[in-house]
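Read the structure below first, then the notes.
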There are 2 protein chains.
Amino acid sequence: MLSERQKMILRMIVEDYIQSAEPVGSRSISKHVDMGLSAATIRNEMADLEEQGYLEQPHTSAGRVPSQQGYRYYVDHLLQLGERLKQEEISKMKMLFSERVDEIEKVAQQTALYLSTFTQYTAVVLGPQVYDNTLRSLQVVPITEHSAVLLVVTSTGQVQNKTVSFPDDISLSQVEQLVRLLNEKLVGIPIYQMRSRIFEEISREVARQMRDFEEAQRILDRLLNVIVSEKDGKVFLGGTTNMLLQPEFHNVEKAKSVLSWLEHHDLVSKALLQESKLSAPLSVRIGGENELSMLQNCSLVTATYRIGEDPVGVIGIIGPTRMEYGRVIRVLDYLSKEMTQLVTKWYSG
Amino acid sequence: MLSERQKMILRMIVEDYIQSAEPVGSRSISKHVDMGLSAATIRNEMADLEEQGYLEQPHTSAGRVPSQQGYRYYVDHLLQLGERLKQEEISKMKMLFSERVDEIEKVAQQTALYLSTFTQYTAVVLGPQVYDNTLRSLQVVPITEHSAVLLVVTSTGQVQNKTVSFPDDISLSQVEQLVRLLNEKLVGIPIYQMRSRIFEEISREVARQMRDFEEAQRILDRLLNVIVSEKDGKVFLGGTTNMLLQPEFHNVEKAKSVLSWLEHHDLVSKALLQESKLSAPLSVRIGGENELSMLQNCSLVTATYRIGEDPVGVIGIIGPTRMEYGRVIRVLDYLSKEMTQLVTKWYSG
DNA sequence: TGTTAGCACTCTTAATCGTTGAGTGCTAAT
DNA sequence: ATTAGCACTCAACGATTAAGAGTGCTAACA
């Protein structure tokens with residue numbers, strides 16, 4: 001258990017360290033206004049806090065640095081979230097959402113950019129998930145003899161287009177016939193059930209209606225791939241190189257390990273979804289709380305945004321464990337709500 | 001003018017330095033097989049080469065390093081492009097293009113990835129340009145009361161979809177009416193002429209056919225934006241963090257300047273198009289030959305790929321001036337040809 | 001009993017100073 | 001024209017030293 005005084009000291013140390021990135025000495029805490037204690041007293045308390053695992057000492061004659069546990073305690077109990085963002089910042093962010101945008105992808109990209117410039121960290125935005133959406137409609141637009149654009153519209157109004165080509169020996173009309181059939185059978189079905197549905201119900205039907213079963217199977221397969229392919233939302237990054245601003249990543253090795261992880265969008269997407277989908281709308285994972293080895297020195301703060309009540313996407317910040325949690329959380333909170341509003345309105349259904 | 005011997009020595013120095021990243025001394029050149037000269041002789045030639053501007057000396061008692069001019073001479077006159085890529089590498093790359101892919105974007109992305117893993121540098125792929133393509137067809141697919149997906153199909157078969165929303169006081173049927181009109185008037189027109197065409201011809205027409213002129217103008221405007229928006233091809237990056245492998249970018253400052261430049265896709269796209277569109281299918285820009293300040297220590301090697309005879313896209317490699325030009329050029333040459341074949345076949349028109 | 005001043009001690013950081021070794025330029029001999 | 005030899009230069013490295021920040025502990029104090 002921590003005394004009130006210890007809490008206060010811990011908070012000061014964390015905040016000082018977040019600011020300066022240098023181990024915090026007893027003197028600098030003691031000199032702090034509204035702290036009427038001598039350095040010696042602080043030292044005693046610090047020794048206590050270290051014993052309890054909230055602080056660490058890089059070496060004997062250095063100041064203290066918050067441990068992972070220290071950050072955790074800070075985030076859980078010492079953070080004062082009452083404070084609001086500055087008015088000017090809010091109005092800047094409002095601008096983003098007031099520009100009329102025609103594309104959800106642009107919004108995601110822009111949000112990532114804003115998120116990163118506002119926080120000076122690296123931002124990640126996971127585009128809306130279509131995982132448990134249902135199919136609203138399927139359209140084909142012919143392009144050449146043997147290729148066409150397939151339009152997949154989901155219940156949330158998301159649209160994907162893919163250009164598909166067909167083997168020479170298959171005509172467009174055959175494809176159109178297939179698409180008609182698919183529309184009939186698949187509208188209203190959740191995307192994730194598609195694959196099994198097709199094999200259970202449709203294959204039979206196809207076999208009856210079309211002469212060449214083999215052929216039909218092949219096209220069916222290709223169409224299906226298009227439909228379910230992008231089931232994991234796209235990843236948008238902002239301020240990737242902000243990582244390099246942080247002194248903890250001046251070591252090129254460490255920087256590289258995180259940056260190359262960020263290049264693998266599939267892994268990033270997985271990490272973002274890991275927790276946030278089920279749990280609270282806001283999640284803070286500090287250092288070792290992340291499983292991935294390249295994130296051991298990082299913190300990942302994420303917030304979900306929703307359509308109505310259903311969470312459909314994630315926005316997040318990646319930075320060093322020495323992160324301005326308060327500010328980051330406030331920005332994420334604000335922007336995720338703004339995103340929720342936007343996509344809810346956008347996909348008005 | 002360089003004597004044959006000087007050329008040979010210059011080539012050896014460049015190649016040695018490319019390999020080792022360390023200034024090259026006279027002794028190591030002299031020890032080279034098929035070089036029957038003593039270090040002293042080499043030293044004399046080196047002094048000559050330096051005087052003529054092909055070499056530089058980091059400090060008095062260090063070996064020599066190629067100057068920008070030195071690299072330029074190497075690329076222009078000393079590179080032996082006769083050599084082929086190893087068979088195993090070719091077959092690896094063939095795999096990329098043999099997988100059946102349904103999307104040009106995937107190919108671009110994959111190419112960037114391969115390019116970077118093959119060369120250990122950073123790769124850039126500029127997706128096919130639609131700049132001087134003509135409009136083939138325009139389609140609307142309604143989604144909700146006040147939003148629809150607009151499909152833009154160009155003459156090369158590229159497709160863009162955009163979800164557009166309309167003000168509450170405009171009905172879908174009005175939009176459809178407009179799209180019909182646009183289709184009538186705009187099919188076959190190069191995209192880049194669109195804007196002026198609309199204002200010259202269509203506005204009048206619209207004014208006649210539709211009751212509310214103001215309203216029509218507003219929708220028209222929005223549709224137009226969608227059509228011409230993505231006129232610059234998308235940029236795909238591969239192996240961004242490979243930059244950090246190079247000793248010249250172990251300095252975080254330098255690394256950051258290049259990496260953040262890479263984040264601005266519009267700038268990257270501009271830089272790639274700057275030269276390559278007009279000139280030869282292969283372009284090598286060394287260090288200061290690039291205008292951008294962050295590329296002063298970099299070389300940018302690009303190759304175009306084409307549809308038939310028309311160049312429509314660019315693939316390229318960014319690395320330190322100390323770059324394996326031979327290898328890079330061979331890989332780019334191979335992959336750009338492969339890309340040409342693919343997109344030519346793909347957009348069979 | 002909690003707080004604080006004082007002091008010896010630890011350990012990092014930066015600066016200083018030879019020493020080493022790679023590499024050069026020049027000269028004289030081949 | 002080439003090369004062996006030699007004196008010279010200069011970055012890189014390691015050791016030594018000095019400075020300074022910060023600690024833990026003890027003893028005095030309220």
Side-chain angles (χ1 to χ4, degrees), chain A residues 1-10 12-17 19-67 70 247-248 250-251, chain B residues 1-10 12-17 19-67 70 247-248 250-251:
Chain A
M1 255 318 64
L2 296 183
S3 72
E4 281 308 311
R5 200 167 71 182
Q6 285 175 322
K7 287 184 190 174
M8 177 165 213
I9 292 173
L10 179 54
M12 281 176 166
I13 293 175
V14 171
E15 284 170 1
D16 188 320
Y17 184 65
Q19 264 287 319
S20 68
E22 308 252 301
V24 185
S26 53
R27 243 178 81 79
S28 62
I29 295 295
S30 144
K31 272 191 298 189
H32 204 287
V33 281
D34 57 71
M35 163 61 68
L37 294 172
S38 78
T41 313
I42 307 288
R43 275 204 287 283
N44 287 327
E45 297 286 32
M46 278 175 151
D48 256 29
L49 284 168
E50 179 169 3
E51 206 167 332
Q52 292 182 63
Y54 296 100
L55 296 178
E56 281 167 357
Q57 227 173 350
H59 53 265
T60 7
S61 76
R64 300 308 208 288
V65 160
S67 67
E248 23 273 277
H250 272 31
N251 172 351
Chain B
M1 253 321 62
L2 296 184
S3 71
E4 280 309 311
R5 201 168 70 181
Q6 285 175 323
K7 287 185 192 176
M8 178 164 211
I9 292 173
L10 178 55
M12 279 177 168
I13 293 176
V14 171
E15 284 171 1
D16 187 320
Y17 184 64
Q19 264 287 320
S20 67
E22 309 251 301
V24 185
S26 54
R27 242 179 81 81
S28 62
I29 294 295
S30 143
K31 271 192 299 191
H32 203 287
V33 280
D34 57 70
M35 163 60 68
L37 294 172
S38 76
T41 315
I42 307 288
R43 275 205 286 285
N44 288 328
E45 298 286 32
M46 276 174 153
D48 257 30
L49 284 168
E50 180 170 2
E51 207 167 333
Q52 293 182 63
Y54 296 101
L55 295 180
E56 281 167 357
Q57 227 172 348
H59 53 267
T60 7
S61 76
R64 300 308 208 290
V65 161
S67 67
E248 23 274 278
H250 271 31
N251 173 352

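Labels below follow one simple rule: chain letters A, B, ... track the order of the sequence lines, proteins then strands, and each chain is numbered from 1. The structure displayed is predicted, hence computed values, not measured ones.
The distance between atom CD of B:Glu22 and atom P of C:dA22, rounded to the nearest whole Å, is 12 Å. In this structure, the CG atom of B:Leu55 is 14 Å from the C1' atom of C:dG23, given to the nearest Å. In this entry the distance linking CD1 of B:Ile29 with C1' of D:dT3 reads 18 Å, nearest Å. Rounded to whole angstrom, the span from the CD1 atom of B:Ile42 across to the C1' atom of D:dT3 amounts to 12 Å. Atom CD of B:Gln6 is separated from atom P of D:dT2 by 11 Å (rounded to the nearest Å).
Contact check, A:Ser38 against C:dT3: no side-chain N or O comes under 4.0 Å of OP1 or OP2.
Under the rule for a salt bridge (Lys or Arg N to Asp or Glu O under 4.0 Å), A:Lys31 has no partner lying at least two apart in sequence or in another chain.
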For nucleotides 20-30 of chain D, just jot down a letter per nucleotide in 5' to 3' order: B, S or -, based on protein non-hydrogen atoms under 4.0 Å.
-BSBBB-----
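The ring-ring contact (aromatic ring centres under 6.0 Å, His included) analysis of residues 38-58 of chain B, with sequence neighbours excluded, yields the pairs B:Tyr54-B:Tyr73.
The two atoms that bring A:Ile13 and A:Arg64 nearest to each other are CG2-O, 4.3 Å, heavy atoms only. The minimum heavy-atom distance between B:Ser67 and B:Gly53, with the atom names listed, is OG-O, 2.6 Å.
Two residues are said to be in side-chain contact when any heavy atoms from C-beta on lie closer than 4.5 Å; A:Leu10 and A:Glu45 fail this criterion. The shortest side-chain heavy-atom distance between A:Met46 and A:Gln57 does not fall under the 4.5 Å cut-off.
Remark on DNA chain D: of its neighbouring residues B:His59 and B:Ala39, the 5'-side contact belongs to B:Ala39, judged by nearest-heavy-atom nucleotide.
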